[in-house]
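Naming: A, B, ... by sequence-line order, numbering from 1 per chain. Keep in mind that the numbers below use all heavy atoms, side chains included, and drop hydrogens, waters and symmetry copies.
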Number of protein chains: 2
Amino acid sequence: MDNYWAEPDRGEANRVFAALADPTRRAVVHRLGAGPGTVSELARDFPIALPSFMKHLRVLETSGLIRTRKTGRVRSCELNRERLALVDDWLAAQRRSWEAHTDRLQAFTEERP
Amino acid sequence: MDNYWAEPDRGEANRVFAALADPTRRAVVHRLGAGPGTVSELARDFPIALPSFMKHLRVLETSGLIRTRKTGRVRSCELNRERLALVDDWLAAQRRSWEAHTDRLQAFTEERP
DNA sequence: CCAATAGTTATCCATAAAGCTAAGTATTGC
DNA sequence: GCAATACTTAGCTTTATGGATAACTATTGG
C-alpha cells in the first residue's frame, strides 16, 4: 500500500477524481468535449448562479482537467484531454494488478492440479 | 445537456465517482484488486480508526464498487469489477463525443479547403 | 462617454464528509 | 460459560463543499 496518505490533497490523481465527483463538473467536461466555450456560454446550461458555477470551473482548472484563457472581458475554457487520460491510466493500473493476481492464481492451480 | 440534475445524488455513476474521490477508498479498491479480504485485514493498512474505515467500506458498497458478505463474525469484501467498468464507459463516451466533434471539424475543413 | 456585458470578489449559510471515542452485539476458541 | 475477537452503532467535532447574494472591476458597442 506504500503510504498513500503521504499526499493529503495535493496529488494530481486526487484532484482529478475529486473534480469528477460532482455531476455539474462532469457535465462541463462532457460539454467541453464538443469544443471550447466561454464562461457564460457554458453557464447557460446550468440552473445555478454564475459565481457558484465559476467555482466549479476553478476546481476543474486546478485539477488540470480544463485550461482557460481570458481575452478582453471573455474567458474561454477548453478540455485538457491528457488529464482525463490520467483516470484511464488509474483504471488500467487496477486492471493490470487484477490480471496479475488471476495469473498467479492460475499458475498456482495449474501447477498442482 | 438533457437535465443532468434530475439525479440529485442517486444515479449510479454519481455514486461511483464520488466513492473514487477519496484516496483511502481508491486504495481499498486497489488492494481488493489483489483478491478479497476481511474488514480488519483491509483496515490494517490504514492509519484511521476502524469505525471511520467502515464508513469508507459502506460508501464503496453502496456505490456498488465492492460487494461484502458476513460469515459468522467476519465480513469479507471483494471488488466488483463491473462497476469499475462504468467509469471506463463514461471515459469512452467522452472520447467518442470528442472524436465525433473533431470528425465534423475535419469534414468541414476538408469540404472547404 | 456611458450603459450594457462578462467576469470576479467577498461573505455567508446549510449540509455533507471524514475523522474520533465509547459503548454495544454477535461469534468463536478454549 | 466466558474472554477474546470482529465488527456495529451512536453521538460528537471539524472542515470542506455547493449554493446564494451583493457589490465591484474591467471591456466593449453605440
Check: B:Glu12 main-chain N/O paired with B:Arg83 side-chain donor or acceptor under 3.5 Å
no

What is the distance from CG of A:Asn14 to P of C:dA18, rounded to the nearest Å?
11 Å

Atom-to-atom span, CD1 of A:Ile48 to C1' of D:dA20 - whole angstrom:
10 Å

What is the separation between atom CZ on B:Arg44 and atom C1' on D:dC7, rounded to the nearest whole Å?
14 Å

So, does B:His56 get its side chain near the phosphate of C:dA17, meaning an N or O under 4.0 Å from OP1 or OP2?
no

Minimum heavy-atom distance between B:Ser97 and A:His30, given as atom pair plus value
OG-O, 4.2 Å

Whole Å only: how far is the CG atom of B:Leu57 from the C1' atom of C:dG19?
15 Å

Is the backbone of B:Gly64 close enough, under 3.5 Å, to the side chain of B:Asn80 for a donor and an acceptor to pair up by distance?
yes

Reported CZ-to-OG1 distance for the pair B:Arg31 and B:Thr24, which is rounded to 0.5 angstrom:
15.0 Å

What string of B, S and - do you get for nucleotides 4-11 of chain C 5' to 3' if you count protein non-hydrogen atoms under 4.0 Å?
BBSBBB--

Nearest whole Å is fine: how far is C:dA18 P from B:Leu60 CG?
11 Å

Taking the side chain as C-beta and beyond, is there a heavy-atom pair between B:Val28 and B:Leu60 under 4.5 Å?
yes

Respond yes when some side-chain nitrogen or oxygen of B:Ser52 is under 4.0 Å from OP1 or OP2 of C:dC20, and no when none is.
yes

note: B:Phe53, atom CZ; D:dT8, atom C1'; distance rounded to Å ~ 15 Å

Side chain to side chain, A:Leu32 and A:Leu42, heavy atoms closer than 4.5 Å
yes

